[in-house]
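The figures that follow rest on heavy atoms only: side chains count, while hydrogens, waters and symmetry mates do not.
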Amino acid sequence: MENSRAGESGSGSSGKGTEREDVRGREEHGRGAGGEPTPAEHVERLLDRAQNGFEIDEAVFTRLRTALMHQAELRSYRQRNDEARPLRCNTYRHIFLLADGSSLLLYELEHDTGPDERFLYELYAHEDALDQAERRVHERIGGGIGPGNEAEELPAWLAEELLLAMGPTQPRREYVSDASPDHARRLLRRAENEDGPGEVVRELLQEALGHHIALITKPRRRGTGRDATWCRFYEHAFLLEGGGELSLWELEHNMTADGRLVCEVYLDEAEAEVAADRHARAQGVEL
């Protein structure tokens, strides 16, 4: 589910060729449940207001064509109030869940360091490019930034409070009957944990009639400074013969020795949460 926020009327940008047109073409399928924008519409909004949308590689748009759902979240925030007018810089992380079960990230930089007070928007597919852009904008804002100046960063409690303010969400399941057994096999094949669902579950899912994927919002604490921890929960619900349902809980995280992004799958949501906490403690981070 997309998180709503103010200040979304930004400047337009030039098009992105055929791939961008293909993404726009998916809008004819209409809006999602509750009138929320489809992933294709969300991408189009990002591109329309980004000044540098033309810099996004076409391979990214090829993958975005298969997006099933998306979520936007605040990544960092900075504001300086001792100038003639407040100067702000916000970074949002836009997460897209693709048809193959993988995730794709787009980073949006929002700031008002231009000649007037309107927000300007920049879009990046790679974190290193985002880091360079953030440094450039922070230089325009001026003042202290970086190690030793965490007071200007997002307060450690605020990110959790923003998520809590959204309230509990129970996504409505809309089962897709498109190769659901194959989706189950791909999901279980990616799983790297040895304590995942057993053979009985695998056999049940061979006859799945439909599946639904939901990104589960779980507020988590963030320490001061940059938070490089990636931890997401997904529910993969399957519709079985006779009307029964079965859910698998996917934990996607980079809390590994080498920072590699891994996938783990559990039959119980609580087991996935316990595993996340265990990995976090091993790496000395807080969730």
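Partner Arg49 forms a salt bridge (charged side-chain N to carboxylate O under 4.0 Å, His left out) with one of Glu108, Glu44, Glu110, Glu122 and no other, that one being Glu108.
Clustering of Ile, Leu, Val, Met, Phe, Trp and Tyr side chains at separations under 4.5 Å places Phe238 together with Leu187, Leu188, Val201, Leu204, Leu205, Leu240, Leu246, Leu248, Val265, Leu267. Under the 4.5 angstrom side-chain criterion for Ile, Leu, Val, Met, Phe, Trp and Tyr, Val274 has no cluster partners at all.
Not counting sequence neighbours, the partners of Glu245 by the side-chain contact (heavy atoms from CB on, under 4.5 Å) test are Arg173, Tyr175, Leu239. Under the salt bridge (charged side-chain N to carboxylate O under 4.0 Å, His left out) criterion, Glu250 pairs with Arg190, not counting sequence neighbours. In this view, Glu271 satisfies the side chain to side chain donor-acceptor pair (under 3.5 Å) rule with no residue, not counting sequence neighbours. By the salt bridge (charged side-chain N to carboxylate O under 4.0 Å, His left out) test, Arg185 is found to be paired with Asp182, residues two or more places apart in sequence or in another chain being considered. Evaluation of the side-chain contact (heavy atoms from CB on, under 4.5 Å) rule for Asp116 yields Arg118 as partners, not counting sequence neighbours. With sequence neighbours left out, Asp128 forms a side chain to side chain donor-acceptor pair (under 3.5 Å) with no residue at all. In this view, Gln132 and Arg135 satisfy the side-chain contact (heavy atoms from CB on, under 4.5 Å) rule, not counting sequence neighbours. With sequence neighbours excluded, no residue forms a salt bridge (charged side-chain N to carboxylate O under 4.0 Å, His left out) with Glu207. Residues that satisfy the side-chain contact (heavy atoms from CB on, under 4.5 Å) test with Ser102, not counting sequence neighbours, are Arg63, Leu98, Asp100.
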Donor-acceptor list for residues 276-285 side chains, cut-off 3.5 Å, not counting sequence neighbours:
from   : atom 1 : to     : atom 2 : distance (Å)
His279 : NE2    : Glu264 : OE1    : 3.3
His279 : NE2    : Glu264 : OE2    : 2.7

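Judged by distance alone, the side chain of Thr113 and the main-chain N or O of Val137 form no donor-acceptor pair under 3.5 Å.
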*Kindly determine whether Glu192 and Arg260 satisfy salt bridge (Lys or Arg N to Asp or Glu O under 4.0 Å), including the steps that lead there.*
CA-CA 12 Å; Glu192 299 190 23; Arg260 180 174 57 91; 2.9 Å; yes

